[in-house]
> 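Here it is, the structure in full.
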Amino acid sequence: MRRYEPTEVEPRWVEAWEREGLYRADDDPADERPRFYALDMFPYPSGDLHMGHAEAFSGGDTVARFAAMRGYNVLHPIGWDAFGLPAENAAIKRGIQPREWTYANIEQQASSFRRMGMSFDWTRRLHTCDPEYYRWTQWLFVTLFERGLAYRKTAPANWCPNDQTVLANEQVVNGACERCGTPVVRKDLTQWFFKITDYAQRLLDDVDELVDWPDRVITMQRNWIGRSEGAQVTFEVAETGDRVEVFTTRPDTLWGVTFFVFALEHPLVMKLAEAGGTASEATALLDQLQATPLTNREQAESREGVPLGVHAVNPVNGEKVPCFVAPYVLMEYGTGAVMGVPAHDQRDFEFAREHGLPIRVVVQPEGETRDPDEMTEAHDHEGVMVNSGPFDGVRSPESIGQVIAWLAEQGKGAAAVSYRLRDWLISRQRFWGAPIPIVHCPEHGEVAVPEDQLPVQLPQDVDFRPGGESPLARHPTWKHTTCPICGADAVRDTDTMDTFVDSSWYFFRYCSPREDTRAFDPERVGRWMPVDQYVGGVEHAILHLLYSRFFTKVLYDLGLVGFTEPFLRLMNQGQVIYGGASMSKSKGNIVEPMPLVERWGADTMRITILFAGPFEDDIDWKLIAPDPDRRPPMNAWLGRVYAAVFEAADREGSQPETLTRLTHRAIRGVTDDLERFRFNVAISKLMVLSNEIRSALDAGRGAGHAARALTLMLAPLAPFLAEELWREALGNETSVHEAAWPPFDPRLAREQRVTMVIQVDGKIRDRVEVDADASDDACRELALASENARRFLEGRQIRQVIVRAPKLVNLVTGG
RNA sequence: GCGAGAGUGGCGGAACGGUAGACGCGCCGGACUUAGGAUCCGGUGCCCGGAAGGGCGUGGGGGUUCGACUCCCCCCUCUCGCACCA
């Protein structure tokens, strides 16, 4: 019996594949094969590969190899998302530079990827922290700047006191820093933004094109953009004459307004408080706010607020209602002021109760039938009913439309759309990122660094420890430069870009990674993109994907690309957890993949992880590999396959090939499963096939055809074993990965089926398909059908029964 | 609260509307022993039964169908996302 030694076999093939240049994508336009861009979300080099990488890349690699075997010219690149905070933190701890730590980890991961047999085109490797790369990140910034899509403003920002930098809204989760969990505080800063809100509608509309994305990701994208339709209505402050806009989705409830509320940051608040004689109370409230988190500040049940002492005039009926300032109104959404309609809004209702304000239910005119739902909205039926002015009713889209039209006619408001999406804050006060390529000139203000002066390189010698201002600002000389326009002394912008900027365009760069005169070659991008299959974690469902979609649309508008969506299909792998909990250092339950690969082989690792469960679901390593000292079942199976194929190969020639039908069915099944990312099911089918081969051999029959087909089908899933079998056992000259996916005969793959139809009074009452070559099965199935028919016939007046069953005996009688 | 997804053995999980539980783990029994980090063979949804056999079974309740894990309606439970969004 031959014994399979993966740890000896596998490194040999890694070398051979590299030598043969097996996985290089062919850029030649003359290559007539259809192209397939298989993309995996590039890793952050935080250390060696972890289980999450092992799972995601095993799946992505299977897809890429499968595509290649099906005749595609495959682009399967790899790179590293290598800027970012952890490098600084690690470097501080070790007293080294972030780049040392980063590049060392990249080398470690690269070597592990090789060991795992990933079919990457290594010639396209990139790192976002290379000047050759971030030069073009900076070029993109400049391009956006010149198009008016990058701008600087002073605004309250989310500041993480631990990381000493601002965060994008997207990076604040429940009021805390997404990365370190520290509660975020509010800080007024001048920051750079990308005007992603200009693209809000398109980002929303084009979601419809993303048919091969997971539903939940599509939903998350939609919710994040958060479009609401309604009306903009103008109120006037009675005492000062200031006009204030509010946004509402329920203009039909304008007749139920009993108060008016401003957000704390609303620019009119202090002026109105002074006019109303409540300046001190308002100031107290504002002070209280200063130190509290910007987003999600105390999801207070408390409906606190301070009256401003002034009144707003309701434009629909001229009524004066009291104004308040209250933290439950957010400056970030709508106009920062809302009309208070306690009968039709839960929050307004709570506020009105707290402050003893009247509640008015808007109903249809003249006390006609009230919608019961409308009554539930009225919260305990408190309050007075009022009718809805000149309109037919409330809450229906029609009545809302009527009200909007009427408001517009009266000049009191207009239809409006509001988005939750904010502009993307990209400034970071940290060192390890791409410097923002802007020069501040006393004369010319913000001036983009000219293209021929890019990249603006990071200095080598800088104290990068966080200190509240950008480390680059503390460098003695770095920031001093001259204005590109007038040559006067000027200073560089000392902030760096959010690393999400780096990762929002890397997939373009892969198409022509060595270009040094432009970010990418539009022709090559046009040939390879959009990405056919993107694989990565669901944690990037919003940020990375939204930003990448935004960049793609911008590049489309610039005429650089001919498509508006970068990723056609998206697949999220599940997490690898341990003992029901996500792996973490603090729980001490981390399992590292590479030691297991060293011990049992990469194929065992890959196939174990893919077999463990559906690709999108979390898998619990504790359930897969209960005992680290035991031989993993997948390793044992690979050994059996190895022995069986060698034996089948030895016997082939003198023995007739068998198992043909079974083999063709397996080919069809596995093809289908791989297309649908059902790796676990595909592996099951290969196990069945391998068991059949072994049974055939035990029975003294040949199984050459089946052994060859199995080897081919194994290639995307267990590439090393397949290669060993293909070249060593089956004696082929070229790699199994260059071979075609096993062809299958639809005639053989499809069972020979016979349809039996039972008609009763002209209507089909039953239709049974049976496998004609499996007579036992056929008889059983037909017996079942005839039993069903008999039950149906029982006790009924039946005139005519027709049974059609070609080639089969009449089994049913009746009628 | 809003939205999305999921409920099948001891476990991970299979089943174009057609024999539910493939495949694997675990467990039980056996074989081989040069006693292995093994390997091989058989069994394994639950209940009754020595067996043959029978009954019950895909969260619960209805419906469509000759036939439902699968399609439709209602309910329950769980997971995930968003959440003072006006």
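The structure displayed is predicted, hence computed values, not measured ones. Below, read A as the first sequence line, B as the second, and so on, with proteins coming before strands; counting in each chain starts at 1.
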> Whole Å only: how far is the CZ atom of A/Arg640 from the C1' atom of B/C23?
12 Å

> Taking only the side-chain nitrogens and oxygens of A/Arg631, find out if one of them lies under 4.0 Å from OP1 or OP2 of B/U39.
yes

> Give the nucleotide from the list B/A86, B/C11, B/C23 with an atom nearest to the side chain of A/Val329.
B/A86

> For A/Glu616 and B/U79, give me the distance from atom CD to atom P, rounded to whole Å.
20 Å

> Taking only the C1' atom of each, what is the distance from B/A15 to B/C69 in whole angstrom?
8 Å

> Between B/G12 and B/U65, how far apart are the two C1' atoms, rounded to whole Å?
33 Å

> Tell me which nucleotide, if any, is Watson-Crick or G-U wobble paired with B/G49 when both distances must be under 3.5 Å.
none

> Consider the side chain of A/Arg347, meaning its heavy atoms from C-beta on, and name the nucleotide among B/A83, B/C85, B/A4 that approaches it most closely.
B/C85

> Heavy atoms only, 4.0 Å cut-off, all strands: where does A/Arg227 land among base, sugar-phosphate and nothing?
nothing

> For B/G45, measure the glycosidic angle (O4'-C1'-N9-C4 for a purine, O4'-C1'-N1-C2 for a pyrimidine) and name it syn if it falls within 90° of 0, otherwise anti.
anti

> Judged by atom type as modelled, is there a donor-acceptor pair below 3.5 Å linking the side chain of A/Arg422 to the main-chain atoms of A/Glu332?
yes

> Calculate the interatomic distance between A/Asn223 atom CG and B/C80 atom C1'; express it in whole Å.
13 Å

> Using a cut-off of strictly less than 4.0 Å, decide whether A/Arg678 has a side-chain nitrogen or oxygen near OP1 or OP2 of B/A15.
yes

> Which is more 5' along RNA chain B, the nucleotide nearest A/Tyr419 or the one nearest A/Ala612? Just name the residue.
A/Ala612

> Rounded to whole angstrom, note down the C1' distance from B/A20 over to B/G9.
11 Å

> Counting side-chain heavy atoms from CB outward, which of B/G24, B/G81, B/C84 is closest to A/Pro633?
B/G24

> Measuring only the C1' atom in each nucleotide, how far is B/U70 from B/U19? A whole number of Å is fine.
16 Å

> Could you check, using the six-membered ring where one of them is a Trp, whether A/Phe677 and A/Phe679 have ring centers closer than 6.0 angstrom?
yes

> When rounded to the nearest Å, what value does the distance between C1' atoms of B/G17 and B/U64 take?
12 Å

> Sort out the partner of B/U44 for me: Watson-Crick or G-U wobble, both distances under 3.5 Å, none otherwise.
B/G26

> With respect to the side chain of A/Leu330, which nucleotide from B/C85, B/C40, B/A4 is positioned closest?
B/C85

> Could you please name the partner base of B/U70, counting Watson-Crick and G-U wobble pairs only when both distances are under 3.5 Å?
none

> B/A86 P sits how many Å from A/Phe349 CZ, rounded?
19 Å

> Side-chain contact, heavy-atom cut-off 4.5 Å: A/Val576 with A/Met583?
yes

> Using Watson-Crick or G-U wobble geometry with both distances under 3.5 Å, which nucleotide pairs with B/G81?
B/C2

> Between A/Arg227 and A/Glu229, does the salt bridge (charged side-chain N to carboxylate O under 4.0 Å, His left out) criterion hold? Intermediate values first, please.
CA-CA 7 Å; A/Arg227 179 189 157 105; A/Glu229 285 181 28; 2.8 Å; yes

> Can you check whether A/Gly340's main-chain N or O pairs, donor with acceptor, with A/Asp348's side chain at less than 3.5 Å?
no

> Find the distance A/Arg222:CZ to B/C85:C1' and express it as a whole number of Å.
18 Å

> Using the P atoms only, state how far B/G18 lies from B/A68, rounded to an integer number of Å.
11 Å

> Between A/Asp215 and A/Arg222, does any NZ, NE, NH1 or NH2 come within less than 4.0 Å of an OD or OE carboxylate oxygen?
no

> Just call it for A/Ala636: base, sugar-phosphate, or nothing, with non-hydrogen atoms closer than 4.0 Å on any strand.
sugar-phosphate

> Taking the side chain of A/Thr219 as heavy atoms from C-beta outward, which of B/C41, B/A4, B/G12 is closest to it?
B/A4

> Can you tell me the Watson-Crick or wobble partner of B/U19, both distances under 3.5 angstrom?
none

> At less than 4.0 Å, is any side-chain N or O atom of A/Ser228 found next to OP1 or OP2 of B/A86? Yes or no.
yes

> Check every atom of B/A14, B/G81, B/G26 against the side chain of A/Met220 and return the nucleotide holding the closest atom.
B/G81

> So, are A/Glu5 and A/Arg3 salt-bridged, with charged N and O less than 4.0 Å apart?
yes

> Sticking with atom P, work out how far B/C11 lies from B/G59, rounded to a whole angstrom.
14 Å

> If we take the C1' atom in both B/G21 and B/G57, what is their distance in whole Å?
11 Å

> Hey, does A/Asp620 reach any base, or is it just sugar-phosphate, or nothing, if we go heavy atoms under 4.0 Å?
nothing

> Please give, in whole Å, the distance from B/A4 P to A/Trp213 CH2?
18 Å

> On RNA chain B, nearest-nucleotide positions of A/Tyr333 versus A/Ser684: which is more 5'?
A/Ser684

> From CG of A/Asn572 over to P of B/G5, roughly how many Å is that when rounded to an integer?
14 Å

> Grab the two heavy atoms, one from A/Met605 and one from A/Ala54, that are nearest each other, plus how far apart they are.
CE-CB, 4.5 Å

> Identify which nucleotide among B/G24, B/A86, B/A14 has an atom closest to any side-chain atom of A/Phe611, counting heavy atoms from C-beta outward.
B/G24

> With both distances kept under 3.5 Å, what pairs with B/C32, Watson-Crick or G-U wobble?
none

> What nucleotide, of B/G24, B/A14, B/A83, holds the atom closest to the side chain of A/Met634?
B/G24

> Just how far, in rounded Å, is P of B/G13 from CE of A/Met687?
16 Å

> For A/Pro214, answer base if it contacts any base atom (sugar-phosphate contacts may also be present), sugar-phosphate if it contacts only those atoms, and nothing otherwise; contact means non-hydrogen atoms under 4.0 Å.
nothing

> OP1 or OP2 of B/A83 versus the side-chain N and O atoms of A/Arg420: is any pair under 4.0 Å?
yes

> Which one of A/Leu210, A/Asp212, A/Val217 satisfies the side chain to side chain contact (heavy atoms under 4.5 Å, CB included) criterion with A/Leu570?
A/Val217

